[in-house]
Amino acid sequence: MKVLKFGGTSVGSPERMKNLLDIIDASERQVVVLSAVSGTTNSLVEIGQAYLVGDKTKAASLISALKAKYEIFIKDLFAKPEFLEQGKEVIDYHFSLLSSIANDLFTPVEEKIILAQGELLSTTLYHVYLKEIGVPSVLLPALDFMKTDEDNEPVVDYITSHLIPLLEKSPDNNLFITQGYICRNAFGEIDNLRRGGSDYTASLIGAGIRSEEVQIWTDIDGMHNNDPRIVQGTKPIAQLSFDEAAELAYFGAKILHPQSVFPAQKYKIPVRLLNTMDPQAKGTLITNDSEKNQIKSIAAKDGITAVKINSSRMLLAYGFLRRVFEVFERYKTSIDMITTSEVAVSLTIDDTTHLAEILGELKAFGDVEVDADHTIICVVGDFAADKHGFGSRVLEALKHLPLRMISYGGSNHNLSVLVKTEDKVEALRSLHSRLF
Ligand code: ASP
Ligand code: MG
């Protein structure tokens with residue numbers, strides 16, 4: 001059984017939603033995961049923020065603006081009055097729920113209920129549409145099987161034990177529609193897998209039901225070998241290993257939610273990235289295999305802050321790095337890149353929420369320098385230690401730019417450098433023209 005996930009733009013208009021059936025083969029048994037209609041989750045975030053600051057008038061006007069969009073949406077989606085009526089009931093239900101939050105105490109629980117409405121709307125409307133055109137389908141509530149634990153980690157075994165019986169209940173049905181992104185947390189409350197989490201849902205379902213393949217349908221023809229918004233002539237990568245895909249997704253390739261790689265990798269489920277606008281294009285296939293002797297792709301991650309700690313106490317000392325890392329751990333701040341010398345260590349973070357407190361504690365170890373507005377450029381490929389030449393090609397391509405940090409050898413498939421964000425475009429272009 002395959003799992004197909006369609007992103008926000010793939011359900012972004014009534015026409016797009018109708019066209020999904022060009023891709024979904026209704027004669028095959030499969031799970032279809034939908035995101036919210038594009039723009040909806042952003043609007044829901046704004047509605048939540050308005051409630052959070054107590055601005056109920058603003059929340060009400062944001063809600064009615066969003067509702068108006070859906071009223072137009074269903075007029076084009078449905079042809080028959082009785083189904084248009086059903087669509088209207090769906091909208092009324094979800095929007096009155098959004099409005100009713102005004103009467104509650106606003107807590108993170110309410111905020112997550114708000115955020116869940118986008119996927120609930122898109123899947124229910126699509127399900128009603130399938131009914132109208134006479135295509136049998138079952139709507140599976142993700143809240144009945146998608147679950148996270150106390151550490152907010154999804155529980156694959158729970159998905160298996162709750163989703164398989166739901167699928168078995170309808171042995172003659174082919175099409176199962178469900179919501180991406182939303183889940184229940186350890187307390188049974190409505191929660192989510194964080195922004196962009198529908199990809200993660202698809203991979204988790206794929207793992208949970210040991211699917212033959214997970215397909216992520218977006219509006220680009222696979223993962224490209226560089227950022228197509230910045231560099232001309234980028235190409236889709238035909239094949240990637242899970243490790244390479246995870247690095248690229250984490251370091252900037254917007255097409256895939258970084259965590260979504262891991263469940264598929266663990267259960268060896270192939271993941272295909274495909275393009276709704278060009279369904280025949282091959283896209284990118286992600287499996288356990290890595291192609292030898294190749295540089296695959298370049299990605300960039302902005303908003304990086306580098307922190308350098310200079311300390312004579314580091315010289316010949318043990319336990320120094322542990323104490324430095326513990327400071328970051330206390331403030332739940334994750335570190336991306338590290339480089340060390342005998343008397344100094346540099347590391348990077350992307351979340352500066354607790355930077356002031358972190359710096360305050362680090363000063364006890366020595367001199368601390370901070371450089372904001374940096375970008376990690378990550379080159380992914382087969383960088384096995386017994387090969388030579390790739391590292392020098394990367395550095396050669398960047399020889400005219402100041403490099404703040406270089407990280408190589410952490411894994412066999414990544415060489416990363418830290419540059420000023422103002423040098424990013426030049427770095428990406430120069431690497432592209434010299435490596436590909
Ligand atoms: N609708 C959610 C978001 O916009 C989840 C997703 O689309 O993947 O973040
Ligand atoms: Mg996405």
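Since the structure is predicted, the reported quantities are computational estimates derived from the model, not experimental observations. When reading the values below, keep in mind they use all heavy atoms of this one structure, side chains included, and skip hydrogens, waters and symmetry mates. We count ligands from 1, going down the list as the structure has it; atoms in each ligand are counted the same way.
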Backbone N or O of Thr276 within a donor-acceptor pair of the Arg16 side chain at under 3.5 Å? no
Can a donor-acceptor pair be found between the side chains of Thr375 and Asp302 at a distance below 3.5 Å? yes
Donor-acceptor pair, Arg272 side chain versus Val214 backbone, under 3.5 Å? no
Answer yes or no: is there an ion pair linking Lys67 with Asp92, defined by an N-O contact shorter than 4.0 Å? yes
Under the 3.5 angstrom rule, does the side chain of Thr339 hit a backbone N or O of Ile406 as a donor-acceptor pair? no
Contact between ligand 1 and Gly7 is defined here as a heavy atom of the residue under 4.0 Å from a ligand atom; is it met? no
Could you tell me which atoms of ligand 1, counted from 1 in the order shown, lie closer than 4.0 angstrom to a heavy atom of Arg195? 3 (C), 4 (O), 9 (O)
Of all the atoms in ligand 1, which lie at a distance below 4.0 Å from a heavy atom belonging to Thr41? 1 (N), 2 (C), 3 (C), 4 (O)
Is the shortest side-chain N to carboxylate O distance from Glu291 to Lys296 below 4.0 Å? yes
Is any N or O atom of Asp199, backbone or side chain, closer than 3.5 Å to an N or O atom of ligand 1? no
Closest to atom 6 (C) of ligand 1 among protein heavy atoms sits Ser198 OG, 3.3 Å
With only distance considered, is Gly8 within less than 3.5 Å of ligand 1 through an N or O on each side? no
May I ask you to check if ligand 1 and Glu119 share an N or O to N or O distance below 3.5 Å? yes
So is Gly197 close enough to ligand 1, meaning a heavy atom under 4.0 angstrom away? yes
For Ser35, the ligand 1 atoms with a heavy-atom partner under 4.0 Å come out as 6 (C), 7 (O), 8 (O)
With only distance considered, is Arg194 within less than 3.5 Å of ligand 1 through an N or O on each side? no
Using modelled atom types and a 3.5 Å cut-off, is there a donor and acceptor pairing between side-chain atoms of Glu247 and backbone atoms of Ala299? no
